[in-house]
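Worksheet: one structure, shown below.
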Amino acid sequence: MFHIKYRLICSQPVTVFHCPPLHFCTIESVLRLPCAAHLPWEQIRHLSHFAVCHSESSPDSFQRPHSMEIGHFLLGLCAFFYFYRSVTAESTCKLKAKFNLNGYKDVERKKVVIGGMFSVHKRIASTDGNTSRVPVSSGCEGFNFRTFRWTQTMLFAINEINERNDLLPETDLGYVVYDSCFTISKAVEGTLTYLTGQDEAVPNYRCGSGAPLAALVGAGGSDLSIATARILGLYHFPQVSYCSTCSALESKFQFPTFLRTIPNDKHQSTAMAQLVLHFGWTWVGTIAADDDYGKYGIKDFKEQVEEAGVCISFSETLPKVSSPEDIQRIVETVVESTAKIIVVFSSDVDLSPLIFELLRHNVTNRTWIASEAWVTSALINHPGVSFGVKRADIPGLQRHLLDLDPYADQLTEEFWETAFNCTLDYSKALKQAKQRAKEVNSTLSRAVRGVPEGLCTGSESLAPLNNTYSDVSQLRITYSVYKAVYAVAHALHNLEHCVNGQGPFSGSTCADITNFEPWQLMYYLKNVRFKVPNTNEEIYFTDGDVEGFYDIINWQVNSNGEIYYITVGRYNGSAAPEDRMTIMNDSIVWNNEVLEPPRSVCSENCQPGTRKGIRQGEPVCCFDCIPCADGEISNTTNARECILCSGDYWSNDAHDICVAKIIEFLAFGEPLGITLIVISAFGALVTIAVGVVFVVNISTPLVKANDPLLSFSLLFALVVTFLSSIVFLGEPQDWSCMTSQVGLALGFALCLSSIMGGYTLNRGIPHLCVFMCVHCIAWQWSAIACTVWLIVLPPHPVKNTSAQNIKIILECDEGSVVFICCIFGYDILLALLAFIFAFIARKLEDHFSEAKCVTFGMLVFFIVWISFVPAYLSTRGKFMVAVQIFAILASSFGLLTCIFLPKCYVLLVKPERNTEEMMRPRSKPRDGTSTGTSASLATAATEVNASTASTAIDD
């Protein structure tokens, strides 16, 4: 049992016949026949054929037919079925569609044919979409001078190679070039037609019998190349692109036979991202074409800049089919956005409608960052910065471009008519002239009767036009086309000059240049390495890609208002990251002819001392600058958070640095400290002076009458309190903290115990004994308490950082609140007792004057210390110490003045009153009436008190 398969190589599919499968044989006719023909037996019998049988169990092994009889039997059986089907039913092998393709073709007497595909037109012509009639392949419209120059460059390169003796000297290259019309459908049509080898495309078949096909140079844009590369990859057919930069094409799994002489867009996206970061732009807009080139390129760019902290203000997509509504929407987005930088991944064809609309709205204050696809396009002459692939001069190209025969082919004819705005068709020109004459004066003019207006002569000169086609000053994509053709030529050269027995294929064989398979040429293309003529640039492919090298180009306007291109930097994708980009900032002219780069930020940078506050619902580049709180700083631009200063440091006024806090204490040398020292010293000196006065007058009646021991004890206590206030000044130390608090406590305890002891009367005990007992007991308790305080929890200096943020207040920590409360509470108790005793004793005849003075002194003491509490609590820092010293001095001066001033007045000013007679008390009136003034009563009381005191001393 056999599986029989009969196939004719023809322009249309044929029927396949099957038998039960055990083995299968393939019989191939090498004669090209029309599929619908009725073949007589004689023709079929004389067909040259061969049969190859493969075992199912070993499909890779080849076997010869078992006998010639079996071969003739099989051939006859196949011919019978084919003849039967052709006469009994209409053949299914029919042409489904005929493509409408324009291009160039030169394959006669050529050994190898190179294919080419260029978008000579911008779009396909619109159709009415009527499905009630046979569909016709659409034509193209919108002639593109730039891509037409690329097409002519391929023809020029092939002609140049054919004239060379060192490259393919024995091989003439032919070409088949199609116009893809910048449309995927046309690119696919051209690919299928090219593979078929004839005007009618037959998928999966090569119907041409001429020179073998080498490779396809094309197919223009990335989306076109993706479509063609998928088809060519099925047949391992090489494709070398000159301007398809999409990063998706680097996948050898999807596009195994795709190569390109233009850098991969992943390099360009990285270069654009570095350019944006180089100028500090954090707020940019993006516009991409609605194709693979735009989508992949802008996607890679956005990923890199967003990772670096740049925000995208808007991201728009250009429609592939002209849409005024979409263009207007994009214009409104650009106008409303605050982004001054717009990055564009698009071809000039897709972008030009938007640029024209922006110019119509007078939107000229934007800086454009252009991809290589439209950097030097004449359709767009807008200032900006862009990336361009390598530029080169190609000698002889301009002459080739200008020496065109307008009647050579349809594309050249259309170019000529578009360039000169005329027609080469006499009848068409005559018809147009008649129409214009009819519209003007309804009569034929002399020009119409002679040579019609608008008729091209065919001898017009292209040189004066100075358009994109003839401009060879910026040959970038053109140079890429040139390199692509030479890459195919060098691969063919290596294939042709392979030495048999040293070849790369199975059995060290070589391929025949007159009959090679596409995958064989693919081997040589992948490994080709050559230097481009005139530039000596070395070309080689790494996984189908070339090095990512770009020129950074600045568009500038000359005095005539024309755009010209200045190279202001370089980008080398294969260099180290830090060395990839070099740019001359001073050479760039920005919008409005300024030299400073524009600022494009959503929010201005937050300066040190502030932090970024994110706005809800907006990109992270849009933020508010919030000042750092007191005690916090930010020392970098655009800080996300403020840094808290450590304990001994505080933020300065600008909140950009932590400075040491101000150390505050009441120093000896500052004015307030000096004033308090002077007052304290003055008080101590006055107290000592009073003591001296008392010592000098110790034998006088007044001093004797007022108990010298009480006076000296009180004066000593006042000196201690005056001097203890000085210890509160200066930087707190361990000794000063203990001395100041303990000295104050013991000084007041001594003072108050002296006052209390002086007025404790017990008539059964001598006065001196009473005083000594009360005085010693009262002071002893205070001394014991202070000693325990100093041993257990002594006062010590501390840094108070909580009272004031910007200051460290050096103060004394009491150590134990309980101890200090007990000690000073005891002093308060003594003060109360002293006040009570003095207040009671004021009514006694022998102590009236002394007790009254002490009473007033104690009242002053209480008033001062009661006022001290709120004043102390309401102050901070060194002024708390000042308030405390003031209270000590005020209370001490109060006691000194109230108790000793009257006595000193008598001793120093009125010594005549310092007599025993004056010290004797006066007797009170018997009737209990008094008509004197308060002054006379006070004088009498004083005299009585003095007399009584004198009598007591005498006793």
Side-chain angles (χ1 to χ4, degrees), residues 99 101 115-124 140 147 150 177-195 201 203-204 215-269 288-301 317-321 345-351 371-374 389 477 480-481 484 487-488 518 522 525-526 541-546 548:
F99 300 145
L101 294 171
M117 196 168 295
F118 298 88
S119 301
V120 180
H121 290 86
K122 301 176 184 178
R123 55 190 172 272
I124 59 174
C140 301
T147 51
W150 302 347
V177 180
Y178 290 115
D179 177 14
S180 66
C181 301
F182 206 66
T183 309
I184 293 178
S185 60
K186 283 293 180 182
V188 172
E189 290 178 8
T191 303
L192 294 175
T193 304
Y194 175 64
L195 290 175
N204 213 34
L216 178 68
V217 176
S222 295
D223 53 340
L224 308 184
S225 287
I226 287 175
T228 58
R230 293 191 187 279
I231 298 174
L232 295 174
L234 295 175
Y235 307 105
H236 304 283
F237 198 95
Q239 176 182 359
V240 184
S241 178
Y242 51 86
C243 72
S244 299
T245 59
C246 179
S247 58
L249 286 164
E250 69 182 356
S251 172
K252 294 303 146 189
F253 178 76
Q254 298 185 66
F255 313 103
T257 61
F258 179 83
L259 306 99
R260 50 188 162 191
T261 56
I262 191 169
N264 191 328
D265 264 344
K266 67 181 182 181
H267 298 297
Q268 184 171 208
S269 298
D290 190 14
D291 53 25
D292 294 301
Y293 169 71
K295 291 176 181 177
Y296 278 91
I298 213 69
K299 172 179 173 291
D300 292 342
F301 168 78
T317 302
L318 292 168
K320 294 296 289 184
V321 180
F345 260 94
S346 170
S347 66
D348 54 349
V349 176
D350 290 332
L351 184 62
S371 61
E372 96 298 332
W374 60 282
V389 295
I477 304 298
S480 184
V481 174
V488 176
M522 185 64 200
L525 264 175
K526 288 172 60 177
F541 297 105
T542 303
D543 294 329
D545 286 334
V546 294

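What you see is a predicted model, and the numbers here were worked out from it, not measured in a lab.
- Using a distance-only test at 3.5 Å, with no hydrogens or angles considered, no donor-acceptor pair links the side chain of Y293 to the main chain of A288.
- A pairwise comparison of heavy atoms in S225 and A219 identifies OG-N, 3.1 Å as the closest pair.
- Annotation: the span from K186 atom NZ to R123 atom CZ amounts to 14.5 Å, rounded to 0.5 Å.
- Interatomic distance, CD of E250 versus NZ of K266, reported as 4.5 Å (0.5 Å rounding).
- For the pair P263/V389, a side-chain contact is recorded, criterion being any heavy-atom separation below 4.5 Å from C-beta on.
- Considering CZ of F258 and CG of D545, their distance stands at 8.0 Å, rounded to 0.5 Å.
- Side-chain atoms of E372 and I262, non-hydrogen and from C-beta on, do get closer than 4.5 Å to each other.
- Although no hydrogens or angles enter the test, the distance criterion places no donor-acceptor pair under 3.5 Å between the side chain of Q254 and the main chain of L249.
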* To do: In sequence, state the C-alpha distance, the side-chain angles, and the governing distance for F182 and T147, and then conclude on side-chain contact (heavy atoms from CB on, under 4.5 Å).
  => CA-CA 10 Å; F182 206 66; T147 51; over 6 Å; no

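- Residues G220 and S241 share a closest heavy-atom pair of O-OG, 4.2 Å.
- Looking at S119, its side chain never comes within 3.5 Å of a backbone N or O of S180 through a donor-acceptor pair.
- A donor and an acceptor atom, one from each side chain of S222 and Y296, are nowhere located under 3.5 Å apart.
- For the pair D179/F118, no side-chain contact is recorded, criterion being any heavy-atom separation below 4.5 Å from C-beta on.
- Taking the side chain as every heavy atom from C-beta outward, F255 and I226 approach each other to under 4.5 Å.
- With hydrogens and angles disregarded, no donor-acceptor distance shorter than 3.5 Å links the side chain of K122 to the backbone of C140.
- The SG atom of C246 sits 8.0 Å away from the CG atom of N264 when rounded to the nearest 0.5 Å.
- With hydrogens and angles ignored, the 3.5 Å screen pairs a side-chain donor or acceptor of S244 with a backbone N or O of G221.
- A distance of 4.5 Å separates CD1 in I184 from CG in D223, rounded to the nearest 0.5 Å.
- The closest side-chain heavy-atom distance from R260 to V546 is not below 4.5 Å.
- Between M117 and L224, the closest side-chain pair of non-hydrogen atoms is not below 4.5 Å.
- Not one N or O on the side chain of D265 forms a donor-acceptor pair closer than 3.5 Å with the backbone of Q268.
- Interatomic distance, CG of L101 versus CG of L192, reported as 10.0 Å (0.5 Å rounding).
- Considering only heavy atoms from C-beta on, P238 comes within 4.5 Å of P518 through its side chain.
- Of the possible polar contacts, none joining the S185 side chain to the T183 backbone as a donor-acceptor pair under 3.5 Å is found.
- Annotation: side chain of L195 is in contact with side chain of L232 (closest heavy-atom distance under 4.5 Å).
- When every heavy atom of S346 is checked against every heavy atom of L318, the shortest pair comes out as OG-CD1, 3.5 Å.
- Within a 6.0 Å sphere centred on NZ of K320, other residues, nucleotides and ligands contribute more than 12 heavy atoms.
- Residues D350 and P319 come closest through the heavy atom pair OD1-O, 4.4 Å.
- Between K526 and D543 there is no salt bridge, since no side-chain N of the basic residue sits under 4.0 Å from a carboxylate O of the acidic one.
- Side chain of T317 to main chain of D290: no donor-acceptor pair is present (N/O by atom type, distance under 3.5 Å, no hydrogens or angles).
- Using cut-offs of 30° and 60° for the angle between ring planes, the W150 and Y242 rings count as perpendicular.
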